[in-house]
Amino acid sequence: MPNQWLFKTEVKESTIHGQGRFALENISIGKNVLILDGAIVPKEQAPKKFPVSLTHNMDCEDTYINHSDDSNLAYLGGTSFVSCKNIKAGDELTMDYREFAGDRKFLF
C-alpha cells in the first residue's frame with residue numbers, strides 16, 4: 001500500500017538535493033501531512049529505507065522529502081509526520097532525519 005499524503009504535493013527538482021516534494025496547497029502548523037506505509041523487514045532487505053529500529057527498516061515508497069536542520073515537518077513517532085511550521089503552496093517539504101534516524105544513513 002502506498003504512503004498516505006493528506007495534502008496535495010508534487011515531486012520536482014530541488015535546490016537542496018536532487019528531487020524534492022513540494023506542497024501544492026497551504027498547510028497550517030500542527031496538521032498531519034504524511035503517514036508512511038510499508039512492510040517492516042530486516043535492514044539488509046531495505047538498507048536505505050525508513051529506520052524503525054537498529055535492525056529493521058520500513059520498506060515504504062520513497063517520499064522525496066529532503067533533510068533540513070530547520071525542517072517544516074516533524075516526526076510524531078510510528079509512521080506519522082506533522083507540519084511544525086506553516087507551509088505555503090510551493091514550499092519544499094523537509095524533515096530533520098536525526099529525529100528518527102540518529103546518525104544512521106539512509107534514503108527514502
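Index from 1, following the sequence.
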What heavy-atom pair brings [X] and [Y] nearest, and what distance separates the two atoms?
X: Asp96; Y: Asp69; answer: OD2-O, 4.2 Å
X: Gln19; Y: Ser14; answer: C-CB, 3.8 Å
X: His67; Y: Arg98; answer: CE1-NE, 4.2 Å
X: Ile87; Y: Ala23; answer: CG2-CB, 3.9 Å
X: Leu73; Y: Val33; answer: CD2-CG2, 3.8 Å
X: Asn72; Y: Glu92; answer: ND2-O, 2.9 Å

What's the separation between atom CD in Glu10 and atom OH in Tyr64, rounded to the nearest 0.5 Å?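 Rounded to the nearest 0.5 Å, the CD-OH separation comes out at 13.5 Å.
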State yes or no: do Met58 and Val41 share one hydrophobic cluster built from I, L, V, M, F, W and Y residues joined by side-chain heavy-atom distances below 4.5 Å, directly or via other members?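 No, it is not one cluster - the side chains of Met58 and Val41 are not joined through contacts under 4.5 Å.
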Under a single-linkage definition using a 4.5 Å side-chain heavy-atom cutoff for Ile, Leu, Val, Met, Phe, Trp and Tyr, are Leu24 and Trp5 assigned to the same hydrophobic cluster? no
May I have the step-by-step check of side chain to side chain contact (heavy atoms under 4.5 Å, CB included) for Asp37 and Gln4, ending in yes or no? CA-CA 7 Å; Asp37 188 29; Gln4 183 179 3; over 6 Å; no
Counting N and O atoms only, with roles assigned by atom type, does the side chain of [X] sit under 3.5 Å from a partner on the main chain of [Y], one being a donor and the other an acceptor?
X: Glu99; Y: Tyr75; value: yes
X: Arg21; Y: Thr63; value: yes
X: Glu25; Y: Lys8; value: yes

Do [X] and [Y] make a side-chain contact, defined as non-hydrogen atoms from C-beta onward lying under 4.5 Å apart?
X: Asn32; Y: Phe7; value: no
X: Ile35; Y: Asn3; value: no
X: Lys43; Y: Thr55; value: no
X: Pro51; Y: Asn57; value: yes
X: Ile40; Y: Asp59; value: no
X: Met95; Y: Asn66; value: no

If you take the centroid of each ring, where Trp contributes its six-membered ring, are Tyr97 and Phe50 closer together than 6.0 Å?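 They do not qualify: ring centres at least 6.0 Å apart.
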Which side-chain N or O atoms in residues 76-85 pair as donor and acceptor under 3.5 Å with protein atoms at least two apart or in another chain?
| from | atom 1 | to | atom 2 | distance (Å) |
| --- | --- | --- | --- | --- |
| Ser83 | OG | Ser28 | O | 2.5 |
| Ser83 | OG | Gly30 | N | 3.1 |
| Ser83 | OG | Lys31 | N | 3.0 |
| Ser83 | OG | Lys31 | O | 3.4 |
| Lys85 | NZ | Asp70 | O | 3.3 |
| Lys85 | NZ | Asp70 | OD1 | 2.5 |
| Lys85 | NZ | Asp70 | OD2 | 3.0 |

